[in-house]
Amino acid sequence: MTGALETHLRARRAEGAKLLVPYVTGGLSDDWTEVVAAVVSAGADAVEVGIPFSDPVMDGPTIQDASARALARGTTPGSILAQLSRFDAGVPLVAMTYYNLAYRMGDLRFARSLAAAGVAGAILPDLPLEESGQWEAEAAVAGVETVLLAAPVTPDDRLAAIAGRSRGFVYGVSRMGITGERASLSTSAGVMAARLKAVTDLPVLIGFGISTAAQAVEVCAEADGVVVASALLRALLDGGGPEEAAEFVGGFRAALDAG
Amino acid sequence: MTAAEPMDPTPHPAPSGSPSGGMGEPGSDGRFGDFGGRFVPEALVPACLELEEAFRRSWADPAFRSELDALLRNYAGRPSPLTEASNLSERLGVRVLLKRDELNHTGSHKINNVLGQALLTRRMGKRRLVAETGAGQHGVATATAAALFGFDCVVYMGEVDVERQALNVFRMNLLGTEVRPVASGSRTLKDAVNEAMRDWVSSVETTHFCLGSVMGPHPYPWMVRELQRVIGDEAIGQCRALLDGGVPDVVVACVGGGSNAAGIFSGFVDTGARLVGVQPEGGAAIGRGLPGVVHGSASMLLQDEHGQVSEAHSVSAGLDYPGVGPEHAHLSAVGRVEYPSVTDDEVLDAFGLLARTEGIIPALEPAHALAWVVREAGRSIPSGSSVVVNLCGRGDKDVAQVAALLAQRPPSP
Ligand SMILES: Cc1ncc(COP(=O)(O)O)c(C=O)c1O
């Protein structure tokens, strides 16, 4: 059965839209849910909500800072989900976190608590194919779509397996490295997107280091869409709020719509 | 756990034929019972597979084994002696034998592992090493191998450790390695591992992650234990020559990640010897931790109720780590090895005691193993027992820190 995340992204793609998925760290500030609402009204097709973890090994300094700041404010998985359950974003939400938070609570309980808060999908970057089977099964029982990641070094046979098991969309990592802003787009981003498009009909989104609207347009020559995280969070860490977030995301939306 | 419960002094039976309980090869999924695995981002999976394949092939290759043996003998100074600590034995009423891995080149057991990984790095055609370090001993060993093999080398070290182990930072610099201080999190070993993994994700095509303990994703816990088993293999042979019956009553080692302990235990796991891994009180992942997943494997982990990793606290930078190698979590779960803990004060006392009685200044890490023996001699270690202690590092690096700590201490009555 196709879930809400995949259904929505496929429908948007069918309308001819390029997909735009901003990332917001849950619990970053008092008004973080207003930031989520603002990026949705500025044209986000889905929103990734980061549930901060103490040891985010796939993240560069910006998301590390945002995670540490959210944790220092007393943010917990429970506090984020409680706020989300009182809030209708209007587009599907995808939780991004590290596996230990799910493991501690128990896979099924964690997946059910995401679903109960209205979260449609989950991304756990430290669960590669060999380790994610149990989580994927429990998440499916709870009605949560597990988005899997592919990397530039992933060989073709693994790439097909990842695309085959991913739900919602498939997340192509733009380059070998961690999250963080980059002045220029790696050539591996377009290659990653094209390789994934060749093996799947799922929406293919590219993330890691997409920092400007021009880069988003460039990668969307091959990809169905982009995930934008560090560049947006930088604006929030530098004191921005819902208005600045909307302006930032609105710039991406306009550029993608113009093509 | 503050004091060890009184224990049954009869030797534990060797586990019957269980390959994992007997410290054999983990399953193809890298599991030791419920622990281990390969919890890494997709970008690192091909590198872990390549390393597993290279290690499996090399470890079965007599040419590789003899090249490593020659390096261990001629460069690192193996075998290390097993020294009868007569003065300390008299004092404690138990017979203490010290496995002298502190006499290795660079001053600890860490060189055993690093020389093996350096040979593998060359076989894989890589030319750059990254490593994490706590006390700096693994960093120094890695920097040493990098100099010997002509590799570029970057070592990540928490800011707190850069300060308390300044001498080792300077040694690494002398050896041509760049030390990058890590300012995130607790600014100790846990955060150095995070930063080394971040470097590795970005550089994996040219770089080998030279992990310093029996932790991380498969194949590291298994590979590092195999590279350290030389300690146990030598020690059991030396015990045959020294002890009636050839098997000591107790084998004791300190446990941070657990590589020196895994190395010495692997020689004795199939005997009746009581095996004891001593943890710092503020880093007792086994006993105070819960099952968790961090740094690539499932193991026991100090963490809060939500799964956020806690900060460890120990006088010893090398043991200041909230996790533990997955095979130790398994050996604890199946009841083959005990994992008590000791306090910083007990450690400082044992540090001084060995220096005064035997003329050997131990590192703060193996002083944990000694501290447990001092506490338990005549209690859970019956008088007259034979006890092998893995003296896995020397104390030169710790002298300045201990001087400062002793100066703050109230004089003992
Ligand atoms: C002398 C010494 N012993 C022990 C350790 C802890 O490591 P492990 O538990 O892997 O032996 C260290 C780490 O820095 C060390 O320097």
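The chains referred to below are lettered A, B, ... by the order of the sequence lines, with proteins before strands, and numbering in each begins at 1.
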Spacing of NE2 belonging to His295(B) relative to CG belonging to Asp126(A), to within rounding of 0.5 Å: 10.5 Å
Residue pairs fulfilling salt bridge (charged side-chain N to carboxylate O under 4.0 Å, His left out) with at least one residue in residues 179-195 of chain B, sequence neighbours excluded: Asp55(A)-Lys190(B), Glu159(B)-Arg187(B), Glu178(B)-Arg180(B), Arg180(B)-Asp199(B), Glu195(B)-Arg198(B)
If you count heavy-atom pairs under 4.5 Å with chain A, which of Glu205(B), Gln303(B), Met197(B), Glu305(B) comes out on top? Gln303(B)
Using a heavy-atom cutoff of under 4.5 Å, enumerate the residues of residues 173-200 of chain A that contact chain B, numbered in order, or state 'none'. Met176(A), Gly177(A), Ile178(A)
Are there residues of residues 314-326 of chain B whose heavy atoms fall under 4.5 Å of chain A's heavy atoms? If so, which? none
Is there side-chain contact between Val294(B) and Phe53(A), with at least one heavy-atom pair below 4.5 Å? yes
Do Glu131(A) and Val40(B) make a side-chain contact, defined as non-hydrogen atoms from C-beta onward lying under 4.5 Å apart? no
So what's closer than 4.5 Å to chain B heavy atoms on Asp65(A): side chain, backbone, both or neither? neither
In Å and rounded to the nearest 0.5 Å, what is the CZ to OH distance from Phe39(B) to Tyr98(A)? 15.0 Å
Given a strict heavy-atom distance threshold of 4.5 Å, which part of Val193(B) is in contact with chain A: side chain, backbone, both, or neither? neither
When you check the gap from the basic side-chain N to the acidic O, do Glu130(A) and Arg31(B) get nearer than 4.0 Å? no
With chain A, the option among Ala47(B), Pro291(B), Gly185(B) that has the most non-hydrogen atom pairs under 4.5 Å is Pro291(B)
With respect to chain A, which residue among Ser184(B), Pro46(B), Gly296(B), Pro217(B) yields the maximal number of heavy-atom pairs within a distance under 4.5 Å? Pro46(B)
So how far is it from Asp304(B) CG to Arg104(A) CZ, rounded to the nearest 0.5 Å? 9.5 Å
What option among Leu71(A), Leu127(A), Leu129(A), Leu124(A) has the most heavy-atom pairs under 4.5 Å with chain B? Leu71(A)
Any chance you could measure His306(B), atom NE2, to Ile51(A), atom CD1, to the nearest 0.5 Å? 12.0 Å
Can you check whether Ser54(A)'s main-chain N or O pairs, donor with acceptor, with Gln308(B)'s side chain at less than 3.5 Å? yes
Which residues share a side-chain contact (heavy atoms from CB on, under 4.5 Å) with Ser310(B), sequence neighbours left out: Leu302(B)
In terms of heavy-atom proximity below 4.5 Å to chain A, should Leu44(B) be classed as side chain, backbone, both, or neither? neither
Report yes or no: does Asn100(A) contribute a side-chain atom to a donor-acceptor pair with the main-chain N or O of Gly292(B) at less than 3.5 Å? no
What part of Ala150(A) gets within 4.5 angstrom of chain B, counting heavy atoms only: side chain, backbone, both, or neither? backbone
